[in-house]
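Chain A is the first sequence line, chain B the second, and so forth, proteins listed ahead of strands; every chain is numbered from 1.
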Amino acid sequence: MHAIQQQYWAVRDYLAPVLRESKFKEHGRITPEEFVVAGDFLGYKFPVWSWEKGDASKAKDYLPPDKQYLVTRGVPCLRRATSLAYTDADEDAEKLLSFAVDESKDEQGEEWVQTHAGRVVTDPSANPTSIQEIPDLDGPEDNGSPSLPTRELSSLSLGSKDATPAIGTIPDLDEIPDMEEEGLDADDDATANPTPVGASATTSEDEPSKANLLQVRTYDVMITYDKFYQTPRIWLLGYDENRTPLTSSQIFEDVSADHALKTVTIEAFPHSASLQAASVHPCKHASVMKKVIERMNTTVIEQQRLPATKDNGNKRRWLFRRNTGEEKKSGEVEGEEVEGMRVDFYLVVFLKFIASIVPTIEVDSTTAF
Amino acid sequence: MPIIQFAPFSSLINPTFWHTLTQLKIDVLKLSSDSVPITGSYTYGKTVVDRESGKEIALGSNLGLSGESFDAAHTASPHSVTVKGTLKNFNTIEEFKSSDKAALFNALADELWSSDFPEDGNKFLVLTFADLKKYKYYYWCAFPAFVVKPSWEIGEGGWEGVSSGGSFGEEDLRTIASREEPNAPFFLVRRNAGGKIETTPLIASAYPGFFTDVPEKDRYVAFIDPSSLPQNPGWPLRNLLTYLVRHSAPYTSTAASPATTSPKPPSFNIISWRDTDVPSEDGGKGWKSLLGKVYLPSAPDLGKTSAEVEKVVRWNAIGWERDGKGKMSPRLADLGGMMDPRRLADQAV
């Protein structure tokens, strides 16, 4: 059934006409050319993003051969989305759209960007998944009552089978039967101990408590152009703190509860012959993007009408900036003409929207600026 | 002075790597277990600020392998360093287990020791066994690095921020950040007589000539650091230092000073470069790169004439990757959930 569905999508995608006319402000959809322009801009502003060719046999002819999709690797995900205190999904949705209503504030983007992630984790003990510590590398005995993963791992290392296997979280470690080898590396005092990812980078005085250790996952994030929906589409490949690929159920832990299994599914990645990846289904992207762009456009136009003074106050001012020397590429617009938001920003805005679906995956590197 | 502890490399294997390996195994390699040349890449270590606790979280870069690793023509993405490596795929788990891993490792280390090219100063080895029916991939990576006794030490003050010590001004750092060939793993930095900073990628012909007539305090050797820990430079520095010490006077100069004076212990100004691009002025955190004076407490015996240099026994090398539990053991990538058609069908909506 799944195979038939995939075939159907492939055919539908093949038959769908390539969007030629620019309609991003009216519909929230973009043409492949605009996708490339927006992708170039994203890669220029945020060099963590780069273009990839993908599998040559899967190349889409409406995109340049060397600019098939965008990728960024090693995107950190410090916490599970399930550990964020979700109380009222509707309230979140409100917040998502309520940005930029208060023009007097200087940071229009802020509240909108950080909808979910700004929340404080509630009482950790009530939220066991949030404090699962990184399995202790030195052994199990340092803790009176080891937490769940530690206990499982320690029993695995002793070879006992009576412990309940982890619920889809730990791959079958016990299927590597004593492959441990002795004497490959001599002891070396110049090798740093393997530090668990998630250790604080700042040398803090106080001993970091175990609850503060984070299960840092990393994600490879890809943005492709979806011809049928005429929007960008996001793909996720995740790794756990031991750099083992995540299973789909693990990936769903990083998707906000509203979207897991509804809009986020595992599908064939279009630029690879066999790769399957988690993807946010783009069926609603256009309408959401349209709303977001409409609101942003109003703000941008107002900002552009303002005289360009005290430019250094706002970190995100470049988003609202009139075409000045910095963006020479499309700098034809001169003087007092107001054009609103340019399509270059489409993917920057798109990432902010995606950040609300995967709140703990820091896809939106734009906030770091 | 404290011994420098290098942060070991760790591998991060993209699922596309296993897809491509599967194809290669079925279509090309079949039952052959010959070595296959592949490439991997690493990039700068990052720190991210945890938005909830406000702490900076170290997020070192891993040596990444993906489907493109098999594509010799693949160019690395900007700001990443390509590393050459060798893949050896075994047909059975027994072969995988019983293979002479030390011999494979030492062969690679010998190759590294005898190669005279700093840009190839880091190589890696991947042993794999692909259980194609179960979509399980056993693998073990090794990143050989040479061990010197006694160990490298860091000068007083340890590693400090590149902008805090007063050695470099804002403009100097911008010059370094906008250097040519940002993908070169190692590069040399000098301050010329006019006080301007100049850089060049570290290639065999550049060192030590680039530093001729440059006072010692104005010579810097920099590397792209995959580590982001404050006091632990990344693994590539080990082999860089090995290269430097082997190619620094007086060890290679034929007109060596009389043997009666013991050679001066080598020391280098090392820049651990961790900035992808120029930090924005209002970022507040500024430059992340580190600067440190690295030295050996005593000069290693590397021979004084070229004939002696030839005869120097290769230093011991280490660098097998530990598994998730810190053991000397292979790792397993279980891609059943992402590759098995039956399990995929279950997840399909």
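Contact of B:I13 with chain A is made through the backbone alone, with heavy-atom distances under 4.5 Å. B:T22 does not touch chain A: none of its heavy atoms, backbone or side chain, sits under 4.5 Å away. For chain B, the nearby part of A:L237 is the side chain; its heavy atoms alone come within less than 4.5 Å. At a 4.5 Å heavy-atom cutoff, the contact between B:E321 and chain A is made by side-chain atoms alone. For A:T191, the parts lying under 4.5 angstrom from a heavy atom of chain B are both the backbone and the side chain. Contact of B:T16 with chain A is made through backbone and side chain together, with heavy-atom distances under 4.5 Å. With a 4.5 angstrom heavy-atom cutoff, A:P76 touches chain B via backbone and side-chain atoms both. Only the side chain of B:N62 comes within contact range of chain A, with at least one heavy atom under 4.5 Å from a heavy atom of that chain. Using a 4.5 Å cut-off between heavy atoms, B:I4 touches chain A through its backbone atoms (N, CA, C, O) alone.
A cation-pi arrangement, defined by a distance under 6.0 Å to the six-membered ring centre and an angle within 45 degrees of its axis, is absent between B:K97 and B:F90. In this structure, B:R238 satisfies the cation-pi test against B:W235, with its NZ or CZ atom closer than 6.0 Å to the six-membered ring centre and inside 45 degrees of the ring normal.
Under the side-chain contact (heavy atoms from CB on, under 4.5 Å) criterion, B:V81 pairs with B:Y42, B:P185, B:I224, sequence neighbours left out. In this view, B:H19 and A:S274 satisfy the side-chain hydrogen bond (donor to acceptor under 3.5 Å, both in side chains) rule, not counting sequence neighbours.
A donor-acceptor contact closer than 3.5 angstrom links the side chains of B:S272 and B:D225.
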